[in-house]
S.K.: 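Here's a structure for you.
Both backbone and side-chain heavy atoms feed into the values below; hydrogens, waters and symmetry mates do not. Positions are given from 1 along the sequence.
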Amino acid sequence: MSTLRGGDRKIDWAELSGKLPSGKSAAEKQRRRQIFNAMDMNGNGYLSLAEVDKGVRDVLKSDDLFDCKPGMLRAFNAVKDTAPAHTPHSDDYVTRAEFRLLMVALRQMFELWHMFELIDTGDDRRVDLGEFTKAVPLLAKWGVKIDDPTATFKEIDKNGGGQILFVEFVNWAMKKGLDLEDDDD
């Protein structure tokens, strides 16, 4: 299991993308079908968060993605009710129709989590103003020029707690279109 964080970790983005087939080719559809079936342990046609979590570890065999619980949770919640509900409970789970979107969301959330870890040098899953200010050059590499770090920090810190949480970072980063320069996407 990987215990490295942020800048200490070298990520093979091509390998990760290969484990998360999201294209529309016949081969990728077939691979997704195999992955979904392997993750759907009880065969009910729905994936719970626990099944996705276990599937990332046991089916995809991706320790880096498995260790990214905040990203996995965010991806699951973003996708779980995007397709029309067929049963009273289907909006609580990821369906086969939503599974391609889950592959996309897992990849995106992992990229954002990696960025967040690079900024969070204190390793406490929060970014303070000092960490954010030091990360301004990184953020510029990722596509966002920041002229006033303090004002931008306050804009991101929606709850006013003096720390940027991952969820706050994701909301801001998605609006700004942040993109790692070395992730092969």
Side-chain angles (χ1 to χ4, degrees), residues 1-20 22-23 49 52-53 56 60 62-83 91-92 94 98-185:
M1 181 181 298
S2 172
T3 58
L4 300 176
R5 290 184 40 94
D8 299 329
R9 173 185 11 222
K10 178 69 179 145
I11 297 176
D12 185 337
W13 292 103
E15 179 184 334
L16 180 66
S17 293
K19 290 180 178 187
L20 299 169
S22 60
L49 178 59
V52 171
D53 185 54
V56 164
L60 298 179
S62 176
D63 288 340
D64 285 333
L65 192 56
F66 180 73
D67 291 340
C68 179
K69 300 296 188 209
M72 193 182 315
L73 175 62
R74 187 110 168 110
F76 181 86
N77 285 330
V79 169
K80 71 179 179 172
D81 61 355
T82 55
D91 281 348
D92 297 329
V94 172
E98 296 163 329
F99 193 62
R100 186 184 76 79
L101 294 177
L102 180 65
M103 298 288 99
V104 171
L106 283 170
R107 170 66 171 76
Q108 183 178 36
M109 288 303 129
F110 183 71
E111 180 178 346
L112 292 172
W113 178 251
H114 184 63
M115 289 177 184
F116 187 78
E117 283 187 318
L118 290 170
I119 297 169
D120 173 24
T121 57
D123 246 8
D124 59 359
R125 295 188 172 197
R126 300 176 300 176
V127 173
D128 63 31
L129 179 58
E131 290 169 321
F132 186 76
T133 301
K134 288 178 190 167
V136 167
L138 270 179
L139 292 162
K141 281 185 186 179
W142 301 335
V144 176
K145 183 179 183 302
I146 296 175
D147 294 319
D148 184 348
T150 301
T152 303
F153 181 88
K154 288 178 181 176
E155 172 192 335
I156 300 168
D157 181 20
K158 291 292 185 191
N159 71 3
Q163 303 276 338
I164 296 172
L165 306 176
F166 179 62
V167 66
E168 294 170 325
F169 178 75
V170 166
N171 292 337
W172 176 79
M174 292 190 61
K175 286 178 191 169
K176 296 294 184 182
L178 262 64
D179 186 37
L180 277 173
E181 72 280 0
D182 65 348
D183 68 335
D184 299 328
D185 70 349

S.K.: Would you sort out whether Asn171 and Arg74 count as a side chain to side chain contact (heavy atoms under 4.5 Å, CB included), showing the intermediate values?
M.R.: CA-CA 11 Å; Asn171 292 337; Arg74 187 110 168 110; 2.4 Å; yes

S.K.: Which heavy atom of Arg125 sits nearest a heavy atom of Asp67, and at what distance?
M.R.: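 Looks like NH2-O, 4.4 Å.
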
S.K.: Who passes side-chain hydrogen bond (donor to acceptor under 3.5 Å, both in side chains) against Arg100, sequence neighbours left out?
M.R.: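 With sequence neighbours excluded, Arg100 shows a side-chain hydrogen bond (donor to acceptor under 3.5 Å, both in side chains) to no residue whatsoever.
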
S.K.: Is the gap between the ring centers of Phe110 and Trp113 under 6.0 Å?
M.R.: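 Not under 6.0 Å, so no.
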
S.K.: Measuring from atom CG of Asp128 to atom CD1 of Ile119, what distance do you get when rounded to the nearest 0.5 angstrom?
M.R.: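 CD1 of Ile119 is found 11.5 Å from CG of Asp128.
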
S.K.: For Lys134, enumerate each residue passing the salt bridge (charged side-chain N to carboxylate O under 4.0 Å, His left out) test, keeping only those at least two apart in sequence or located in another chain.
M.R.: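 Per chain and number, Lys134 pairs via salt bridge (charged side-chain N to carboxylate O under 4.0 Å, His left out) with no residue.
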
S.K.: Let me confirm one number: the CD1-CZ distance from Ile164 to Arg126, rounded to the nearest 0.5 Å.
M.R.: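 One gets 12.0 Å once the value is rounded to the nearest 0.5 Å.
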
S.K.: Which pair of heavy atoms, one from Glu111 and one from Asp179, lies closest together, and at what distance?
M.R.: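 Of all heavy-atom pairs spanning Glu111 and Asp179, the closest is OE2-OD1, 3.0 Å.
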
S.K.: Thr121: what forms a side chain to side chain contact (heavy atoms under 4.5 Å, CB included) with it, not counting sequence neighbours?
M.R.: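 In terms of side chain to side chain contact (heavy atoms under 4.5 Å, CB included), with neighbours along the sequence ignored, Thr121 is linked to Glu131.
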
S.K.: Hey, what do you get for CG (Leu165) to CZ (Phe116), rounding to the nearest 0.5 Å?
M.R.: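 Atom-to-atom, Leu165:CG and Phe116:CZ are 6.5 Å apart.
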
S.K.: Using the test side chain to side chain contact (heavy atoms under 4.5 Å, CB included), find all partners of Ala173 that sit at least two apart in sequence or belong to another chain.
M.R.: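 In terms of side chain to side chain contact (heavy atoms under 4.5 Å, CB included), with neighbours along the sequence ignored, Ala173 is linked to Leu112, Phe169, Leu178.
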
S.K.: Given side chain to side chain contact (heavy atoms under 4.5 Å, CB included), test Leu106 with Met72 step by step and report yes or no.
M.R.: CA-CA 6 Å; Leu106 283 170; Met72 193 182 315; 3.9 Å; yes

S.K.: Could you go step by step and tell me if Met174 and Met109 meet the side chain to side chain contact (heavy atoms under 4.5 Å, CB included) rule?
M.R.: CA-CA 10 Å; Met174 292 190 61; Met109 288 303 129; 3.7 Å; yes

S.K.: Tell me the closest heavy-atom pair linking Met103 and Ser22, and the distance in Å.
M.R.: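 Closest pair (atom of Met103, atom of Ser22, distance): CB-CB, 4.1 Å.
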
S.K.: Sequence neighbours left out, cut at 3.5 Å: what donor-acceptor pairs do the side chains of residues 150-157 make with other protein atoms?
M.R.:
residue: Thr152; atom: OG1; partner: Asp148; partner atom: O; Å: 3.1
residue: Asp157; atom: OD1; partner: Gly160; partner atom: N; Å: 3.4
residue: Asp157; atom: OD1; partner: Gly161; partner atom: N; Å: 3.3
residue: Asp157; atom: OD2; partner: Gly161; partner atom: N; Å: 3.3
residue: Asp157; atom: OD2; partner: Gly162; partner atom: N; Å: 2.7

S.K.: For the residue pair Leu129 and Pro149, what are the closest heavy atoms and their distance?
M.R.: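 Shortest heavy-atom separation between Leu129 and Pro149 comes out as CD1-O, 4.1 Å.
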
S.K.: I'd like to check the salt bridge (charged side-chain N to carboxylate O under 4.0 Å, His left out) partners of Asp53; sequence neighbours left out, ordered by chain and number.
M.R.: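 So Asp53 forms a salt bridge (charged side-chain N to carboxylate O under 4.0 Å, His left out) with Lys69.
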
S.K.: Who pairs with Asp147 by side chain to side chain contact (heavy atoms under 4.5 Å, CB included), at least two apart in sequence or on another chain?
M.R.: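 So Asp147 forms a side chain to side chain contact (heavy atoms under 4.5 Å, CB included) with Lys145.
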
S.K.: Just verifying a value: how many Å separate Trp13 CH2 and Leu180 CG, rounded to the nearest 0.5 Å?
M.R.: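 The CG atom of Leu180 is 5.5 Å from CH2 of Trp13, to the nearest 0.5 Å.
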
S.K.: Between the side chain of Asp64 and the main-chain N/O of Cys68, is any donor-acceptor distance below 3.5 Å?
M.R.: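 Side chain of Asp64 to backbone of Cys68: no pair is present.
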
S.K.: Restricting to side chain to side chain contact (heavy atoms under 4.5 Å, CB included), what partner residues turn up for Ala105, sequence neighbours left out?
M.R.: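 Listed in chain order: Ala75, Val79.
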
S.K.: For Phe76, which residues count as a ring pair (Phe, Tyr, Trp, His ring centres under 6.0 Å) partner, sequence neighbours excluded?
M.R.: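 Partners of Phe76 under the ring pair (Phe, Tyr, Trp, His ring centres under 6.0 Å) test: none.
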
S.K.: Listed by chain and number, what are the side-chain hydrogen bond (donor to acceptor under 3.5 Å, both in side chains) partners of Trp142, not counting sequence neighbours?
M.R.: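 Testing Trp142 for side-chain hydrogen bond (donor to acceptor under 3.5 Å, both in side chains), a comparison that skips the adjacent residues, returns Glu181.
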
S.K.: Do you know the tightest heavy-atom contact between Glu168 and Gln163?
M.R.: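 Between these two residues, the closest heavy atoms are OE1-O, 3.3 Å.
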
S.K.: Testing the basics here: between Val144 and Lys176, what is the closest heavy-atom pair and its distance to 0.1 Å?
M.R.: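 Answer, listing the atom of Val144 first, then Lys176: CG2-CB, 3.5 Å.
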
